[in-house]
Amino acid sequence: MEMKRATSLVLVSAMAAGLLAGCGSGGAQQSGDVSSTAESTASATSEAATQDTTESAATADTQAAAAEKPEVSHDEEMTFEIYDAAANYQGEQTGWFAKVLKDNLNIKVNIIAPQVAGDAVYQTRASSGNLGDIVILDGTQFNDCLSAGLVKDISADIYKYPNLAAYKKQIDVFNESLDGIQKGQIYGIPCQMTDTSPLTYSGTLVYSAPLLRWDRYKEIGEPDIKDLDGLLDALEAIHKAHPKNDKGDPEYPLSLWADWDGGDGMIGIANVVQLTTWYGEKIKGSAILKSDNTFTPLTDKNASYYKMLQFLNHAYQRGLVDPDSGTQDWNSVMTKISNGQIDLMWYNWQRGFWNSLDRLHNGTAYTFIPVDDQTYYTDSDTYFGSGRVWGIGSQVDDEKYQRILDFLDWYASPDGLRFQHDGIKDFNYTVGSDGKLTVINDNALMDNLPVPEEYGGGGYNDGNNQINQWICDAICTDPTTGEPYNKDYWASFLEDQNKGTMEEWSKKFDATDATDWMKKNGKLLVSPNVPYTVKSDDADMSVIRNQVNQSVCDYSWKMVFAKSDKEFDQMWDAMTEELNGFGFETLYQFDCDNYQGQVDAKIEAAKEAQ
């Protein structure tokens with residue numbers, strides 16, 4: 001699963017696009033596992049079909065080229081080094097996915113993960129001239145590596161590979177957005193492209209929203225939650241009734257982790273950055289895009305970074321925060337979720353570590369619980385990519401280059417996508433006489449179930465794909481089934497999952513799913529997907545950004561554990577004063593200017609769709 005996503009900036013109402021008012025300096029401040037219905041599946045499939053029809057002429061010329069795909073020998077085992085900004089694991093891929101790569105392509109992959117090794121590994125490897133055989137980078141960093149000669153021109157070969165050629169439009173448009181390359185040159189392959197459209201939102205639950213366990217919520221009387229204080233009241237009532245889980249382990253309303261801080265170009269602690277989307281705002285760098293499409297500084301007390309940081313502090317003041325928060329990593333939190341020790345989730349994919357069909361049926365699954373004063377931001381489907389990019393290192397020799405292209409084409413193939421998004425046949429799913437798929441062992445990830453020996457044995461989660469990034473998103477349609485790769489859109493799953501938890505939830509909230517509720521109640525803001533690469537910092541701006549981010553992170557964690565509102569505000573004011581001393585206003589204006597083009601592109605895309 002993908003733990004962190006690239007962000008987009010302009011907020012467009014589900015009904016119409018707002019008008020951009022520009023960067024204001026006053027009052028400032030900031031910023032997988034989906035369930036579905038038959039209706040939304042039909043809509044997504046219809047849009048995909050329409051998109052395929054309109055683009056068929058544009059992609060016809062790639063088919064002839066794809067027929068020229070060179071024959072590549074797999075006789076010799078080969079190891080690829082992957083520099084991977086998305087990975088939460090460093091080292092050689094092991095377990096069942098390693099066996100899949102060995103059996104299908106006779107390769108091994110060794111992952112270099114800056115999230116594990118630290119940011120210095122990027123500078124060290126880049127300065128050597130060899131970042132990796134394969135690189136997976138955020139867009140701005142990819143642009144820098146292109147300029148530095150660290151990634152290879154793949155223009156002459158990419159469309160000889162049919163599964164990559166199927167995404168020619170998206171790949172071409174993305175590469176045209178890169179700096180300093182000629183039209184027709186291809187250096188990067190966007191991550192998580194879709195076959196839907198730039199304005200489609202296919203999900204039935206946005207990336208971040210409050211999720212509570214349905215039986216716990218019912219037990220406290222199914223309260224209507226008006227605001228964040230009401231959410232804390234609900235969490236406090238749940239905690240009072242359930243201080244320990246069924247195994248006798250401590251249960252916590254909230255559990256936080258620090259190892260994602262600073263990633264994806266963010267400023268501030270990750271647990272706060274993502275929660276700002278509950279109020280229709282999105283952080284990018286030091287600027288926050290508000291729901292009226294104006295920017296405000298992160299330091300604005302009236303904006304969402306302050307609001308959500310204070311929410312976590314109020315939770316702490318009420319004794320609702322896991323005492324390990326701030327010192328533990330994501331893997332520790334993941335284990336606690338799987339053990340039923342956490343009351344509040346806020347990422348849609350976190351449900352994969354607890355929800356199963358059995359729990360959906362018996363009412364113990366986690367589901368979206370609306371908070372009245374919230375309006376939820378989401379990016380549309382990642383048609384042109386998520387913001388991260390695949391590339392091939394410039395130093396690879398011809399033999400390895402061909403093997404890498406062969407791997408990338410397999411990775412974008414129906415066979416490869418099944419392994420990435422669905423798992424192992426007859427272990428994670430079965431194939432019916434009609435060719436449709438049905439989920440089995442849906443607790444394989446959360447319970448680390450033992451894998452069949454033919455796939456190398458070991459635990460399923462232990463051997464899961466540690467690359468943690470995809471060329472094609474799970475919402476893409478599997479041509480062999482006519483359904484998305486995402487199991488939550490399968491007809492068999494929909495029939496099964498709409499019992500128990502979701503059946504009761506639908507009756508209470510008069511909606512088929514969370515997105516349906518948000519649309520009906522005017523609570524959804526969708527941002528179009530557009531290809532756009534922001535420019536990187538120069539040396540002076542990089543110094544300011546690093547100082548600002550370190551200060552915001554350090555102060556934010558202290559503020560989470562402040563003993564009173566007075567102490568919290570004193571820390572906030574001290575942080576703001578320190579940031580101003582570092583040149584925060586200069587950084588803020590740079591970020592506003594830097595993202596203006598992306599804002600304009602998103603607004604234009606929304607206008608064209610009307």
Side-chain angles (χ1 to χ4, degrees), residues 1-7 32-34 44 48 80 82-89 93 96-98 100-101 104-105 107 109 111 113 115 132 134-139 142 158 161-168 170-171 174 188-196 200 202-203 207 263-264 347-349 352 379-392 404-424 428-429 445 461 463-481 483-489 529 531:
M1 72 247 149
E2 153 94 312
M3 304 300 188
K4 296 190 280 187
R5 310 273 184 186
T7 55
D33 186 19
V34 204
F80 300 156
I82 303 180
Y83 181 90
D84 188 352
N88 297 295
Y89 166 90
Q93 171 76 51
W96 69 266
F97 194 70
V100 168
L101 295 177
N104 284 273
L105 300 156
I107 63 170
V109 295
I111 298 168
Q115 289 192 113
I134 298 172
V135 297
I136 302 173
L137 299 165
D138 295 325
F142 186 85
I158 182 172
Y161 293 83
N163 298 299
L164 297 173
Y167 291 85
K168 183 179 188 299
Q170 293 93 315
I171 294 170
F174 168 78
I189 302 170
C191 295
Q192 290 182 240
M193 294 178 290
T194 76
D195 55 10
T196 54
T200 302
S202 300
Y207 185 60
D264 286 348
Y347 292 117
N348 58 22
W349 50 261
D379 295 310
S380 65
D381 293 351
T382 54
Y383 180 76
F384 289 111
S386 66
R388 288 201 178 113
V389 194
W390 293 78
I392 298 178
I404 290 173
L405 280 172
D406 207 44
F407 159 69
L408 294 175
D409 191 62
W410 174 86
Y411 207 69
S413 72
D415 182 53
L417 290 168
R418 283 248 187 118
F419 282 116
Q420 293 163 63
H421 296 309
D422 302 330
I424 303 169
N428 298 103
Y429 65 90
L445 185 70
N461 188 31
N464 207 12
N465 179 7
Q466 300 291 357
I467 298 171
N468 199 33
Q469 193 56 264
W470 305 270
I471 292 174
C472 307
D473 192 82
I475 198 61
C476 293
T477 299
D478 182 342
T480 61
T481 66
E483 297 180 325
Y485 292 98
N486 188 327
K487 67 176 177 59
D488 294 347
Y489 288 84
N529 184 255

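Everything numeric here is computed off the predicted structure, so don't read it as measured data.
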With side chains defined as the heavy atoms from C-beta onward, is the minimum distance between [X] and [Y] less than 4.5 Å?
X: I424; Y: V100; value: no
X: Y161; Y: L408; value: no
X: Y489; Y: I475; value: yes
X: N486; Y: H421; value: no
X: W410; Y: F419; value: yes
X: F80; Y: L101; value: no

Counting only N and O atoms by type, is there a donor-acceptor contact under 3.5 Å from the side chain of [X] to the main-chain atoms of [Y]?
X: Q93; Y: Q466; answer: yes
X: Q192; Y: W470; answer: no
X: N529; Y: F384; answer: yes
X: N465; Y: Q420; answer: no
X: N468; Y: A86; answer: yes
X: T481; Y: E483; answer: yes

### Task
With C472 as reference, evaluate D195, T477, L417, T194 under the side chain to side chain contact (heavy atoms under 4.5 Å, CB included) test and give the passing residue.
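Going through D195, T477, L417, T194 one by one, the side chain to side chain contact (heavy atoms under 4.5 Å, CB included) with C472 is satisfied by L417 alone.
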### Task
For the residue pair F97 and Y411, categorise the inter-ring angle as parallel (less than 30°), tilted (30 to 60°) or perpendicular (more than 60°).
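If you compare the ring of F97 with that of Y411, the planes turn out perpendicular.
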### Query
Can you say whether the rings of W349 and Y347 are parallel (under 30°), tilted (30 to 60°) or perpendicular (over 60°)?
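Plane angle under 30°, so parallel.
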### Task
Could you go through the side-chain hydrogen bond (donor to acceptor under 3.5 Å, both in side chains) check for S202 and D381 one step at a time?
CA-CA 7 Å; S202 300; D381 293 351; 2.6 Å; yes
### Task
Work out which heavy atom in Y485 is nearest to a heavy atom in P414; give both atom names and the distance.
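Answer, listing the atom of Y485 first, then P414: OH-CA, 3.3 Å.
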### Message
Side chains of N163 and D409: any donor to acceptor distance under 3.5 Å?
### Response
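Side-chain D/A pair, D409 to N163: present.
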